[in-house]
Amino acid sequence: MHTLRVYRRNLGAHLRATLEYQADFWILVVAAVLTQGAGLVLIATIFARVPRIHGWGVWEVVLIFAMMVLAQGTSELLAEGTWGLAGLINRGELDRMLLRPYPCLLQVCASRVGMNAFGNVTVGGGLLVTALLHLDVAWTPARIGLALVLLPSALVIKVSLTVVANSTSFWLRGAINTFAAGMDQLGELTKYPLSIYGVGLQAVLATALPFAFIGFFPVSVFLDHGRLAWIGLLTPAVAVYCVLLAVTVFRRGLRRYESAGN
Amino acid sequence: MAPLIEATGLVKEFRRPRRDSGLTGALKHLVTRRFDIHRAVDGIDLRVGEGESVAYAGPNGAGKSTTVKLLTGILVPTAGEVRVAGVVPHRDRIANAKNVGVVFGQRTQLWWDLPVGDTFELLRDMYRIPAADYRRSLGRLTEVLEIGPLLPVLARKLSLGQRMRADLAAALLHQPHILYLDEPTIGLDLDVKDRVRTFLRQLVADGTTILLTTHDIGDIEEVCGRIVVIDEGRIRHDGPVEVLRDALASASSVRFQLSASAPLDLIRERLGDAEVTAPGERELVVRFDRTTRTAGAVAATVMGLVEVRDLRINDEGIADLIRRIHRPDEVTARSGAA
């Protein structure tokens, strides 16, 4: 609890610092809305020509999309600092974090707040609610319970995968981690139903880099959609796996840390 | 009493990519990766007792900062053992962090984008400093270091002197038993240097154990009781600062420019226990003990044997002495330039 409280305060202090740049804040909120808007236009365009993609209707796809955007916003809010990890390693700035009696990974995560987080959380949340209103969901207690487990699990998976992607900086040692950016781009593919991709890519996105568990699989099981909907029930397990993976990779990497200078 | 800081056979090796310069060099490195092993710290044994104030001196790249990083747990040693207040720093980082404070002169520990006061509050939370202790600690540090007006200022807006004082306060808020300082006075003006040293002396008087690396003789003489000299990753000298200072009080040298090359053997014979060296062909340096002979007598002796064009008398500084301990040739060259 103490750990969480310190994390929140650390993040809060950086948030206050960030919010001093008002122009930046609004530009990035608008940027997030425009970026995600473009994605929605794409979806709308496709569904204007075909009624369904691989059995998925428009609001179902929007729901997947909404989960992805919400997860992205969460990651930008809680773990944006990891995108600075390569620079921290490169300049030897992890030193000061290693000198404090607090987990290094959490200090890295809280070292920055992504300003597009606000735009993405708002857009993602809004789309999520809109899609759910358009879909004919029977809100039985079981389904509500399911949603309450799936949503946080999906968000945890996104944050953990961001940590994993950026922890590769310990091995790559560049000043900017292009691998992490590439991995993140790959994850963007799961904004659309997984079944439209080739089997190989599907396998990668479902297992090695389980981005499909952020949107596609949880939505499948929630809407009871398709033969493989049951896989979505694994979402909480995948979340636990991703957290362990993130912590392990980060710790391994930290052992390679060599500071800078003499 | 068991030493507070205890390092045995400490070794740290870095693997450095060997790469030719330029784009071709970089491309070649992508295909054939070659590495050099660089031994920054090479078998260091160091024991520091409670309440000691130790200067850790040596030339650039000698391994001073690497040692500090090993002692603080930032780096994992390649070989050897470290124990600080009974804790192995790199293994139990968090327990160690509570016992020690660290100040890096070249790099701030403050959060760059936050007001100094916010940084202090975050540190209070991280170190779990009880409210009453925090108030007392902050009050004392604010007063002594005069940082009251700096609390609402963003760290990146501070001048170097202000930053160093804020950094010192940040490192001491949790009242650590041990304080490591890596070049704490680097780049500071004389006035701020003085204030920092006075403050450190006070800490030592209050019982804090201090280990500081420095190039600044003032830091050593004014703050420390013991000096450890390191070069190429090895300890070359370890002893009380006073002994060094006493040696200094009596050490003097005369430097001659000659018209012809010097008859070294003859001069050595006449000057007995004085140290005679010839850094250049027509140069001569005689180092002697001021308590047994005078500069005048030395000069007269040399002038009687060879024609002298110019001469200069110097008292040696502690810096010359430290350098002489491990680099005899370089000393003569540098004191010539001075």
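Just so it is clear: chains get the letters A, B, ... in the order the sequence lines come, proteins before strands, and each one is counted from 1.
Separation of the A:F118 and A:F25 ring centroids falls under the 6.0 Å cut-off.
With a 4.5 angstrom heavy-atom cutoff, B:L75 touches chain A only via side-chain atoms. If you measure heavy-atom distances from A:R91 to chain B, the contacts under 4.5 Å come from the backbone alone. Contact annotation for B:T108: only backbone heavy atoms (N, CA, C, O) come within less than 4.5 Å of a heavy atom of chain A.
Across A:H2, A:R96, A:Q107, the residue that shares the most heavy-atom pairs under 4.5 angstrom with chain B is A:H2. Most heavy-atom pairs under 4.5 Å with chain A, from the set B:H90, B:Q106, B:Q109, B:K98: that is B:Q109. Contacts with chain B were tallied for A:N10, A:V6, A:T3; A:N10 has the most, counting heavy-atom pairs under 4.5 Å. Chain A forms more heavy-atom pairs under 4.5 Å with one residue of B:I74, B:D118, B:T72 than with any other, namely B:I74. Ranked by non-hydrogen atom pairs under 4.5 Å with chain A, the options B:V102, B:V41, B:N96 are led by B:V102.
Across all non-hydrogen atoms, the minimal contact from B:V116 to B:A166 is CG1-CB, 4.1 Å.
One finds the CG atom of B:L160 at 10.0 Å from the CG atom of B:L158 (value rounded to the nearest 0.5 Å).
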Worked check of side-chain hydrogen bond (donor to acceptor under 3.5 Å, both in side chains) between B:Y56 and B:T67 | CA-CA 9 Å; B:Y56 201 59; B:T67 310; 3.1 Å; yes
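For the residue pair B:N60 / B:H215, a side-chain donor-acceptor distance below 3.5 Å is found, with atom types taken as modelled.
The backbone N or O of B:E183 sits less than 3.5 Å from a side-chain atom of B:T213, completing a donor-acceptor pair.
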